[in-house]
A.B. asks: 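Quick one: the structure is below, questions incoming.
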Number of protein chains: 4
Amino acid sequence: MTNEAQRPAARRRRKEARPQELTAAALSLFVEKGFAATRLDEVAARAGVSKGTLYLYFDSKEALFLAVIREGILPVLDEGRRMLAEHADDPVAALRAYIRGWWSMLGDTPYGGVPKLMMSEAQNFPEVANFYLTEVIQPGRALLQEIIERGVAGGVFRPVDSKLITHILMAPMLHLALWRHSFAACCQVPDMQADDYLDEYFRLLVHGLLVHDKEPNP
Amino acid sequence: MTNEAQRPAARRRRKEARPQELTAAALSLFVEKGFAATRLDEVAARAGVSKGTLYLYFDSKEALFLAVIREGILPVLDEGRRMLAEHADDPVAALRAYIRGWWSMLGDTPYGGVPKLMMSEAQNFPEVANFYLTEVIQPGRALLQEIIERGVAGGVFRPVDSKLITHILMAPMLHLALWRHSFAACCQVPDMQADDYLDEYFRLLVHGLLVHDKEPNP
Amino acid sequence: MTNEAQRPAARRRRKEARPQELTAAALSLFVEKGFAATRLDEVAARAGVSKGTLYLYFDSKEALFLAVIREGILPVLDEGRRMLAEHADDPVAALRAYIRGWWSMLGDTPYGGVPKLMMSEAQNFPEVANFYLTEVIQPGRALLQEIIERGVAGGVFRPVDSKLITHILMAPMLHLALWRHSFAACCQVPDMQADDYLDEYFRLLVHGLLVHDKEPNP
Amino acid sequence: MTNEAQRPAARRRRKEARPQELTAAALSLFVEKGFAATRLDEVAARAGVSKGTLYLYFDSKEALFLAVIREGILPVLDEGRRMLAEHADDPVAALRAYIRGWWSMLGDTPYGGVPKLMMSEAQNFPEVANFYLTEVIQPGRALLQEIIERGVAGGVFRPVDSKLITHILMAPMLHLALWRHSFAACCQVPDMQADDYLDEYFRLLVHGLLVHDKEPNP
DNA sequence: GATGAATGAGATTTCATTCAT
DNA sequence: GATGAATGAAATCTCATTCAT
């Protein structure tokens with residue numbers, strides 16, 4: 001039996017990195033084609049291993065799917081909490097940071113396809129959907145809700161239904177990510193400039209569409 | 001051969017109604033499970049016919065998919081154009097009508113699942129995606145864009161990037177439909193009241209989040 | 001109940017002609033594609049009737065096949081016997097008449113595809129093959145054998161194994177028919193002139209390939 | 001990936017031998033039943049593998065058919081050319097060698113069924129038929145034509161239409177093979193002794209039917 | 001640990017046959 | 001008698017999973 005410590009470091013590193021190489025390949029394909037339409041052959045090929053190797057690390061295709069979803073999303077929440085604390089006294093800045101942060105740390109990374117994937121597959125994998133809802137969506141929305149509620153309490157934001165509004169507020173961000181992994185990926189559409197999109201969105205949030213006689217924050 | 005008009009009326013009526021019965025069954029299943037995960041057995045069973053019957057009307061599973069997408073969406077656009085004309089002089093009312101109309105005539109009907117389906121499958125069916133983009137999404141957004149541009153021209157709306165903003169404006173509506181056909185369909189989540197959601201959204205659009213010293217439209 | 005005698009003559013004629021219209025269509029398709037690869041849809045379409053009509057006249061696809069083979073071949077044998085009697089005293093002329101007659105009355109008619117069909121399907125329909133062998137092939141060869149044996153007995157033909165030689169003698173004729181319904185029907189090959197082919201064949205039969213010091217028919 | 005040379009020898013040998021095991025099984029069944037009537041289940045069973053295995057080596061049933069035809073026929077032509085050279089000065093011997101060689105190296109081997117198969121399926125697979133025509137039939141006939149033309153040029157053979165005559169000369173050989181794989185395989189017919197048949201045929205070719213020593217019709 | 005040939009259950013697709021009209 | 005929509009058994013084909021090497 002080889003002693004763990006005696007094994008060459010390179011190989012040990014490789015072995016430990018394997019599962020993530022596999023889930024990364026699987027993620028990109030699941031997002032691209034959906035779970036059912038993705039063949040494990042392709043996943044293995046994209047990860048540069050043989051099909052059998054997948055089964056050394058994951059019991060089944062479903063287990064692979066679960067691992068894909070589990071992985072790498074939760075750490076982001078901590079970062080979000082940290083940011084929120086930083087801007088505790090300025091709801092507008094916090095909102096801006098939330099939007100920017102969501103995009104740069106999630107939407108614009110390989111994990112940006114997960115919302116599409118989870119929406120597509122929620123009904124096929126109710127337990128996974130529940131897990132994702134509980135562990136990712138709801139905590140993420142709770143952060144946003146807190147920003148909103150602080151703003152309202154501080155008299156900066158209008159009184160709103162803070163639960164409902166989080167759904168509404170998330171939608172344009174999610175849409176940006178969904179669009180990128182659907183129509184933008186297959187049709188000749190002019191690239192949506194994410195930064196411009198998010199800026200425009202932020203202004204919409206803050207001011208609405210109407211022309212106001214007096215600017216609120218001079 | 002036999003003259004069409006001479007055929008027994010009952011059978012003819014059935015023959016003509018069949019394709020829509022089949023696409024209706026297929027639509028609901030494709031939305032629920034996705035294209036690849038839907039078995040034709042199930043489609044046939046839900047439509048109350050045998051598997052073979054599907055092939056009397058559609059050459060293949062893909063052809064069925066295309067028929068599902070083609071069907072019944074386009075008429076709605078005319079209705080939208082009519083509505084827009086009705087509110088030609090009031091951009092705010094037109095916007096409200098657009099949002100409400102989209103929901104009642106699309107989002108809240110069996111076709112409300114099509115956005116989810118198309119997003120999920122866009123990369124697997126680029127030609128269909130292109131068709132949908134060209135025939136449905138872009139005309140629909142053009143209507144919205146016109147509302148916005150009229151509002152801006154009339155001094156009612158702030159100047160905005162009218163192309164970008166249509167994406168942003170559609171997002172919460174699409175999200176409502178996507179949510180209903182994904183997490184809401186499989187997880188125990190408190191039902192999102194569509195009317196409240198859309199009202200809240202409309203207020204957000206009009207006013208933004210900020211408290212304004214002076215109401216713009218007294 | 002309609003009395004047979006009262007029915008319009010045209011209709012009665014049509015009804016009696018039906019089975020032959022159907023077998024004619026079936027024959028041409030069976031020869032072209034083989035039994036298994038021929039769809040009853042096509043047979044019906046070529047005969048200008050509906051699929052269901054086939055089942056008014058034939059119990060099954062196999063029954064149709066059997067009818068195709070049964071039909072219209074046997075009368076030819078009588079004609080052959082007549083011809084043989086005509087040339088009873090001249091084996092060479094009889095042989096020539098046999099070859100020419102076979103081609104003009106069988107090979108060059110719609111039934112010219114039957115040899116191909118029967119060869120292709122013999123192992124799938126042993127009973128039909130046996131029927132065809134007994135009723136068509138063997139009587140046909142018996143005629144030929146008699147020609148040969150008379151020629152040998154009369155000192156005109158060399159002594160030969162008269163059983164074996166009939167197989168050999170039939171082969172070029174059969175080959176002409178097989179070729180026409182296989183490669184000639186699908187590949188760009190120079191048309192084999194049947195008359196030239198059969199003349200050349202007849203000369204080969206009579207003289208062989210060798211140059212003989214003394215020509216037999218100066 | 002893995003180096004080909006490092007793979008276990010046993011498995012590699014198997015992998016390389018597989019396609020031929022599969023085409024051998026397919027050939028025998030295609031000849032027996034025809035292409036359409038042969039089920040892949042049967043092919044797999046006869047080859048001793050599972051249905052899925054066929055698809056590791058051939059993309060479709062049609063691809064399997066093409067492979068069956070492609071395989072193993074062409075080498076024989078070289079052998080034929082060698083033989084022809086050997087008998088360059090004796091057309092009669094060359095002809096005898098051609099007949100005997102065709103039978104022993106093609107007709108009497110598993111490939112002896114290919115002529116029947118190709119004739120049956122030519123119209124269903126025009127490209128394959130064209131390939132077979134160009135690569136097998138025409139080169140084979142060219143060899144025979146050369147023998148004939150040398151014989152004529154040398155004054156040994158009568159002047160003949162050398163193109164037509166090759167068709168005629170091939171027919172009895174082909175017929176022997178066709179017969180064996182059709183009626184002989186399913187009906188109780190006295191076995192045709194191939195050697196006797198070919199001898200008798202050779203004599204017919206050389207001498208014809210007529211008695212030459214003395215005027216046949218005194 | 002890693003491989004990839006092999007499997008077989010299950011999907012899509014075909015088509016001979018039936019039967020209400 | 002004639003039709004052709006509908007059927008469902010059986011074919012082709014796919015692919016997650018296994019396991020000998």
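These numbers were taken from a predicted model, which means no experiment stands behind them. Letters A, B, ... mirror the listed sequences (proteins, then strands); counts begin at 1.
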A.B. asks: What is the distance from CG of B/Leu54 to P of E/dC15, rounded to the nearest Å?
C.D. replies: 17 Å
A.B. asks: Rounding to an integer number of Å, can you tell me how far A/Asp59 CG sits from F/dT17 P?
C.D. replies: 10 Å
A.B. asks: May I ask you to check if C/Arg70 and C/Phe131 form a cation-pi contact, with NZ or CZ under 6.0 angstrom from the six-membered ring centre and within 45° of the axis?
C.D. replies: yes
A.B. asks: When you measure from the side-chain N and O atoms of B/Tyr57 to the phosphate of F/dA6, is any distance below 4.0 Å, counting only OP1 and OP2?
C.D. replies: yes
A.B. asks: Checking B/Glu121 against B/Asn124 for the side chain to side chain donor-acceptor pair (under 3.5 Å) test, could you report, in this order, the C-alpha distance in whole Å, the side-chain angles of both residues, the deciding distance, and whether it holds?
C.D. replies: CA-CA 5 Å; B/Glu121 304 296 344; B/Asn124 293 327; 3.0 Å; yes
A.B. asks: Rounded to whole angstrom units, what separation is found between the CG atom of C/Leu56 and the P atom of E/dT18?
C.D. replies: 12 Å
A.B. asks: Does C/Lys61 contact E/dT17 through a side-chain donor or acceptor facing the base, at a distance under 3.5 Å?
C.D. replies: no
A.B. asks: Tell which nucleotide pairs with F/dA9, taking only Watson-Crick or G-U wobble pairs whose two distances are both under 3.5 angstrom.
C.D. replies: E/dT14
A.B. asks: Distance check needed: F/dT7 P versus B/Arg18 CZ, whole Å only.
C.D. replies: 6 Å
A.B. asks: By nearest nucleotide on DNA chain F, pick out whichever of D/Phe35 and A/Tyr55 is the more 5' one.
C.D. replies: D/Phe35
A.B. asks: Go nucleotide by nucleotide along DNA chain E from the 5' end; which of C/Ala36 and D/Thr53 gets its closest nucleotide reached first?
C.D. replies: D/Thr53
A.B. asks: Drop me the distance from A/Thr23's OG1 to A/Phe65's CZ, to the nearest 0.5 angstrom.
C.D. replies: 13.0 Å
A.B. asks: D/Lys33 NZ to F/dA11 P: how many Å, rounded?
C.D. replies: 10 Å
A.B. asks: Please evaluate the base of F/dT3 for a donor-acceptor partner in the side chain of C/Lys51 within a cut-off of under 3.5 Å?
C.D. replies: no
A.B. asks: May I have the distance from D/Glu42 (atom CD) to F/dA10 (atom C1'), rounded to whole angstrom?
C.D. replies: 12 Å
A.B. asks: Could you please name the partner base of E/dG8, counting Watson-Crick and G-U wobble pairs only when both distances are under 3.5 Å?
C.D. replies: F/dC15
A.B. asks: Taking the nucleotide of DNA chain F with the nearest heavy atom to each, does B/Gly52 or A/Ser60 sit closer to the 5' end?
C.D. replies: B/Gly52
A.B. asks: Tell me which nucleotide among F/dA6, F/dT12, E/dT7 gets nearest to the side chain of D/Arg39.
C.D. replies: F/dT12
A.B. asks: Might you point out which heavy atoms bring B/Ala36 and A/Ala36 nearest each other, and give the distance in Å?
C.D. replies: CB-CB, 3.7 Å
A.B. asks: From CG of A/Leu40 over to P of F/dT14, roughly how many Å is that when rounded to an integer?
C.D. replies: 16 Å
A.B. asks: To the nearest Å, how far apart are D/Leu29 CG and F/dT12 P?
C.D. replies: 11 Å
A.B. asks: Using the six-membered ring wherever Trp is involved, compare the ring planes of B/Phe35 and B/Phe30 and label them parallel, tilted or perpendicular (cut-offs 30° and 60°).
C.D. replies: tilted
